[in-house]
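Just below is one structure, and these are the notes that go with it.
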Amino acid sequence: MNKKPEDIKVILATDCGSTTTKAILITLQDGEYRLVIRGEAPTTVEAPFEDVTMGALNAITEVSELANRKLIDENDRIIRPSNGDEGSDIYISTSSAGGGLQMMVAGVVRSMTAKSAENAALGAGSIVMDVIASNDKRPAHEQIERIRQLRPDMILLSGGIDGGTVSHVVELAELISAADPKPRLGIGYHLPVIFAGNIDAWESVRDILEKKVDLRLVENIRPTLEEENLKPAREMIHNLFMEHVMAQAPGYKKLMNWTDAPIMPTPGAVGVIMKRVAEEEGIQVLGVDIGGATTDIFSVFKNPTFDSSKPENEKDNPKTFFNRTVSANLGMSYSISNVFKEAGLENIMRWVPFVMDEVDLRNQVKNKMVRPTTIPQAMETLILEQAVAREALRLAFIQHRSFATTLKGVQKKRTISETFSQSVEDSLVDLMGLDILIGSGGVLSHAPNRNQAAMMMLDAFQPTGITRLAVDSIFMMPQLGVLSTIHPKAATEVFHKDCLIYLASSIVPVGTAKPGQSTGKYRIETEGGEVYEGELKIGEMKMYPLGVDESAKLVFHPTHGFDIGGGKGKEIEETIYGGTVGIILDGRGRPLYMPEDNAERVAALKKWLLTLEVYPKSAIDR
Amino acid sequence: MGHIYTPGLKVAEYTRVSKRRILPLKGEVVVGVGDIVDPQDVVARTELPGNVDQINATNLLGGDPEDLRNFLIVDLGQPIKKGDIFAQNKGFFGTGLFKTSLRMPFDGAVESVSKITGNVILRAKPIPVEVTAYLAGEVTEVVPEEGVVVESNATFIQGIFGIGGERFGEIVIVTPEQKSDLTEDLIHEDHRGKVLVCSRKVTAKAFNKAIDVGAKGIVGGGIDDRDLRGILGMDIGVAITGSEDIYTSLIVTEGFGNIPMAESTFELFKKYEGFGASINGATQIRAGVIRPEIVIAQPKPPDGFTEPVEATAGLDIGSVVRVIRVPYFGLLGEVIGLPPELCVLESGSKARVLEIRFADGREEIIPRANVETIEK
């Protein structure tokens with residue numbers, strides 16, 4: 001981009017999602033950048049259009065009409081630069097319309113290098129179709145047949161610590177060579193294979209594979225037994241994803257020619273903005289972007305072993321750890337049926353406060369899968385979709401927690417005994433220390449009332465202690481993420497003024513007890529002198545008003561066995577902040593208490609939903 | 001005013017259908033431009049590399065991996081019959097006594113020998129692959145070494161979801177009533193090789209009977225998810241289908257549930273009963289969407305056919321649309337209003353809507369995202 005930041009006064013940005021394309025218009029008003037309007041349209045990857053730019057133009061047209069500003073000329077070109085009431089100075093975009101990434105990984109030992117390769121692939125947002133290992137007990141011809149059958153988008157080959165086994169690694173390369181794998185798309189295009197194994201095997205691997213595949217060599221994923229180095233492999237996966245997978249979305253190449261900055265993948269752009277929030281505020285952040293095809297989770301947590309006496313260094317002494325996982329088949333439209341399949345009917349239905357016919361329910365889910373751009377018109381459908389969303393978020397979060405131990409992009413130390421057991425250590429995700437949970441994506445950002453978004457996040461993530469809940473107001477974090485790479489000031493101003501909507505402070509004591517038993521006593525005093533006090537019992541939820549710009553003093557004295565952040569039974573005193581919902585006291589315990597008896601479950605669910613004003617009484621009393 | 005794009009499945013009585021028929025690997029194209037082809041005619045063929053086996057020859061023959069080449073008694077790539085010896089060591093202390101030999105497990109060749117691992121890769125004979133024309137039509141383009149483009153004037157009907165790959169058969173209407181489900185008693189031996197059309201729901205029992213009698217395909221209005229799981233033995237997580245190992249392909253035109261096929265679609269099938277149809281259940285609801293399809297070649301325009309006025313891609317007052325989400329799922333109606341402002345739905349969501357008049361005269365508000373046009 002050649003334009004100087006100070007010359008940019010009008011910004012047009014789109015995010016081409018797998019289901020919907022969102023456009024936003026930002027202008028410089030009285031010295032600060034503010035959102036003017038947003039528009040959206042279905043993403044046009046299906047016949048008869050099959051061109052992602054048509055959805056983009058349509059979303060921009062909506063913005064143009066709503067803002068009364070001509071943005072597209074008669075030849076469907078974006079008018080640039082701005083001139084009076086016409087055009088924009090820059091146009092930027094993110095995209096996730098290319099679909100998912102399907103990978104196969106291989107390593108010498110299933111529980112070690114192959115596992116590390118799987119970690120890297122999953123962390124990069126891939127679906128791992130199969131893991132081939134020298135010790136996976138399948139005969140070579142079966143492994144070869146499997147590689148041929150699956151036709152992945154790319155293969156990540158690891159194996160051997162640096163200076164360790166060469167022959168086993170070469171054997172794996174020979175398997176791949178023998179399979180002569182072909183990519184799913186196109187003739188004459190070589191399948192990308194990333195080798196991230198023993199550096200001593202580079203030459204042999206190159207000899208075996210170079211002529212047959214698009215071979216990329218990166219640093220060893222497991223340079224020593226005790227170290228894991230996922231970043232180089234993960235970055236290469238991301239690059240190849242952009243080159244080979246994203247580019248398959250119809251019209252994507254045309255869109256690339258329109259934009260003033262490289263198109264960023266949506267999860268990448270959201271990650272940029274999440275990281276920025278954590279850095280600017282010095283807080284621990286957990287963010288989620290739930291889309292039609294994928295659910296992306298981002299976290300920024302402090303490094304528990306940060307040595308403040310040494311200079312901060314991303315590789316050796318990072319102050320924080322940033323983790324991102326992309327759950328490729330957990331989403332609300334294309335992947336809705338997969339959420340159902342993964343979570344199971346019972347887990348979905350536990351969030352629905354009435355009985356639904358199973359055949360009809362399953363048909364509804366499948367119909368959403370085959371017609372992904374439709375939206376819930378009836379309240380019953382909305383409640384069902386939000387139940388599915390809770391499970392998509394829950395499953396994606398489980399995946400994130402288990403990978404947040406190893407996806408920090410710096411070398412990870414393990415003791416020898418841990419190395420062999422490959423036990424999952426405590427996740428870096430520390431919910432008690434979490435400061436803010438930010439939700440983004442259609443089902444959270446566009447929930448008809450914000451209380452629904454707060455409840456979905458509480459149920460899915462089950463935060464503990466005191467946590468602020470927020471949503472992306474209109475689902476524009478991807479656009480702000482890409483904007484922040486070329487105009488940080490504009491991105492920051494719009495993020496704080498127009499994007500982030502604070503919902504509530506959630507207060508959740510951790511512990512278990514019988515229903516009706518006390519978790520602790522609380523006293524909340526607002527700046528305005530309002531006082532709320534009482535006892536929070538197991539199975540109870542409470543909600544008090546506290547405005548977006550208001551704060552209050554909380555004193556919580558947990559009963560013996562419950563922890564609110566200061567330790568079991570230890571009182572805490574803290575300033576809490578309000579939001580559109582206010583203050584939520586969640587006495588459902590952790591793990592969350594849900595009655596097993598169906599009638600009791602429905603009764604409890606209705607009570608919680610009504611207390612938090614999630615749905616109208618008429619909608620759940622059926 | 002911007003265009004209002006809405007997705008729609010194509011249902012056209014007479015249109016030009018073009019299909020690229022491309023090999024998975026480079027090979028030989030066996031037809032030329034202008035050739036008239038039938039659906040089952042081969043248009044291009046190639047050979048996929050054969051299956052592979054790997055043997056650690058060093059372990060079996062002794063010696064070091066570097067010496068392995070000396071034990072080979074055939075050249076790399078040389079055709080060898082099953083049971084023939086391809087490698088042999090020098091015997092006890094090089095005396096030629098007690099030699100160990102390795103024999104080919106199948107007809108094929110030695111592909112490679114590794115000096116590092118001592119492995120020998122054996123490859124079976126290539127697997128021939130042929131691509132058929134799929135359509136009854138004319139070859140209009142040859143892509144050298146890769147395949148052809150076949151074009152045909154045809155009736156073209158897209159479904160919403162399907163399973164199973166390309167099949168060809170004669171259309172038979174098995175539910176004479178427009179509102180009957182396809183039950184197993186309606187399927188019999190005469191349906192072998194046929195494409196069966198039913199106007200409403202396809203049941204699992206009927207589908208399995210169709211497989212038993214050897215029907216090539218079933219086209220219906222809808223199917224219950226429960227029955228689909230029964231047919232496949234698994235739940236479908238994401239809609240990427242077409243490679244299922246089933247003899248009979250399935251296409252539903254409307255969706256999941258007890259939904260009748262759109263009347264106009266069913267009438268087309270009735271009109272062309274007895275005609276040959278190329279069908280493909282492959283569905284991919286992701287970027288580069290693929291919908292299942294039925295193509296009925298029509299050498300000349302149907303009687304009384306007039307060229308349709310170029311359809312606009314958008315939605316206008318007077319457009320006929322189908323609702324594709326509950327609570328009015330499956331109903332057809334005419335657009336009578338397109339209010340520009342956002343409207344609050346029963347769910348509380350705000351959305352752009354349209355006003356619709358159903359066939360029974362009832363008028364309702366529907367989100368624009370919840371309708372599809374039926375392209376004609």
Side-chain angles (χ1 to χ4, degrees), chain A residues 18 41-42 44-49 54 58 61-62 64-65 97-100 140-141 144-145 166-167 170-171 174-175 178-180 182 187 204 248-250 293 329 334-335 337-338 341-342 359-360 362-367 369-379 381-382 446 448-449, chain B residues 1-8 10 22-26 49 51-54 111-112 114 116-117 119 121 123 146 158 160-161 224-226 228 235-239 255-257 283 285-289 291 313 324-327 329 340 345-351 366-367 369-370 372 375:
Chain A
S18 57
T44 41
V45 288
E46 182 159 10
F49 315 114
M54 291 183 79
N58 208 27
T61 302
E62 190 165 301
S64 176
E65 287 170 5
H141 69 89
I144 291 166
E145 188 55 30
V166 170
S167 62
V170 169
E171 206 165 70
E174 285 170 0
L175 284 180
D180 199 9
K182 302 292 172 209
I187 291 179
S204 305
Q248 302 308 323
N329 280 334
Y334 296 94
S335 307
S337 179
N338 197 54
K341 186 178 162 187
E342 296 287 326
V359 172
D360 181 47
R362 288 184 179 277
N363 285 339
Q364 276 198 43
V365 169
K366 283 287 187 296
N367 280 323
M369 174 186 79
V370 296
R371 291 185 165 103
T373 55
T374 58
I375 59 173
Q377 178 169 7
M379 180 56 86
T381 325
L382 179 84
H446 297 322
N449 88 47
Chain B
M1 176 70 186
H3 305 295
I4 304 163
Y5 298 116
T6 186
K10 186 163 182 168
I22 301 293
L23 290 163
L25 290 174
K26 286 195 175 183
N51 289 328
V52 169
D53 203 356
Q54 188 188 51
E111 180 168 282
S112 66
S114 172
I116 298 168
T117 61
N119 284 332
I121 303 284
R123 190 175 292 277
E146 293 187 20
Q158 275 185 321
I160 189 77
F161 178 79
D224 276 334
D225 171 56
R226 180 183 54 189
L228 182 67
D235 196 3
I236 283 188
V238 290
F256 289 86
T283 308
I285 305 173
R286 279 285 163 102
V289 171
R291 294 285 185 182
I324 53 174
R325 190 82 195 254
V326 288
F329 184 51
L345 309 175
E346 183 211 313
S347 61
S349 302
K350 282 184 189 165
I366 307 283
N370 290 2
E372 67 183 10
E375 205 188 328

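Note: A/Ile375 leads A/Thr381, A/Ile375, A/Asn338 in heavy-atom pairs under 4.5 Å with chain B. Chain A forms more heavy-atom pairs under 4.5 Å with one residue of B/Val52, B/Leu345, B/Ile121 than with any other, namely B/Val52. Between chain A and the residues B/Thr283, B/Asp53, B/Asp224, B/Leu228, the most heavy-atom pairs under 4.5 angstrom are made by B/Asp224. No other option in A/Arg362, A/Arg371, A/Met379 has as many heavy-atom pairs under 4.5 Å with chain B as A/Arg371.
Contacts between A/Ile144 and chain B at a heavy-atom distance below 4.5 Å involve the side chain alone, from C-beta outward. For a residue to count as touching a neighbouring chain, one of its non-hydrogen atoms must lie under 4.5 Å from one of that chain's; by this rule A/Ala178 touches chain B with backbone and side chain alike. Of the two parts of A/Gln364, only the side chain, counted from C-beta on, holds a non-hydrogen atom closer than 4.5 Å to a non-hydrogen atom of chain B.
A/Met369 has its side chain within reach of B/Phe161: a pair of non-hydrogen atoms, C-beta onward, lies under 4.5 Å apart. Side-chain contact check for A/His141 versus B/Asn51: every heavy-atom pair is 4.5 Å or farther apart. Between B/Ile285 and A/Tyr334, some side-chain heavy-atom pair lies under the 4.5 Å cut-off.
Between A/Leu382 and B/Ser347, the shortest heavy-atom contact is CD2-O, 3.4 Å. Counting all heavy atoms, side chain and backbone alike, B/Pro367 lies closest to A/Gln377 at CD-OE1, 3.3 Å. Looking at every heavy atom in both residues, A/Ala140 comes nearest to B/Gln54 through CB-OE1, 3.1 Å.
In this structure, the side chain of A/Thr374 does not engage the main chain of B/Arg325 through any donor-acceptor pair within 3.5 Å. The backbone N or O of B/Phe256 sits less than 3.5 Å from a side-chain atom of A/Asn367, completing a donor-acceptor pair.
To the nearest 0.5 Å, atoms CZ (B/Phe329) and CG (A/Asn363) are separated by 9.0 Å. Between atom OG1 of residue A/Thr373 and atom CD of residue B/Glu372 there is a gap of 9.0 Å, rounded to the nearest 0.5 Å. Between atom OG of residue A/Ser337 and atom CG of residue B/Asp235 there is a gap of 5.0 Å, rounded to the nearest 0.5 Å.
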Taking it one step at a time, do A/Lys341 and B/Val238 satisfy side-chain contact (heavy atoms from CB on, under 4.5 Å)? CA-CA 10 Å; A/Lys341 186 178 162 187; B/Val238 290; over 6 Å; no
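Residues satisfying the side chain to side chain donor-acceptor pair (under 3.5 Å) criterion with A/Asp180, sequence neighbours excluded, are A/Lys182.
With no hydrogens or angles considered, a side-chain donor-acceptor pair links A/Glu174 and B/Thr117 at under 3.5 Å.
For A/Lys366 and B/Asp225, the salt-bridge test passes: some basic side-chain N is under 4.0 Å from an acidic carboxylate O.
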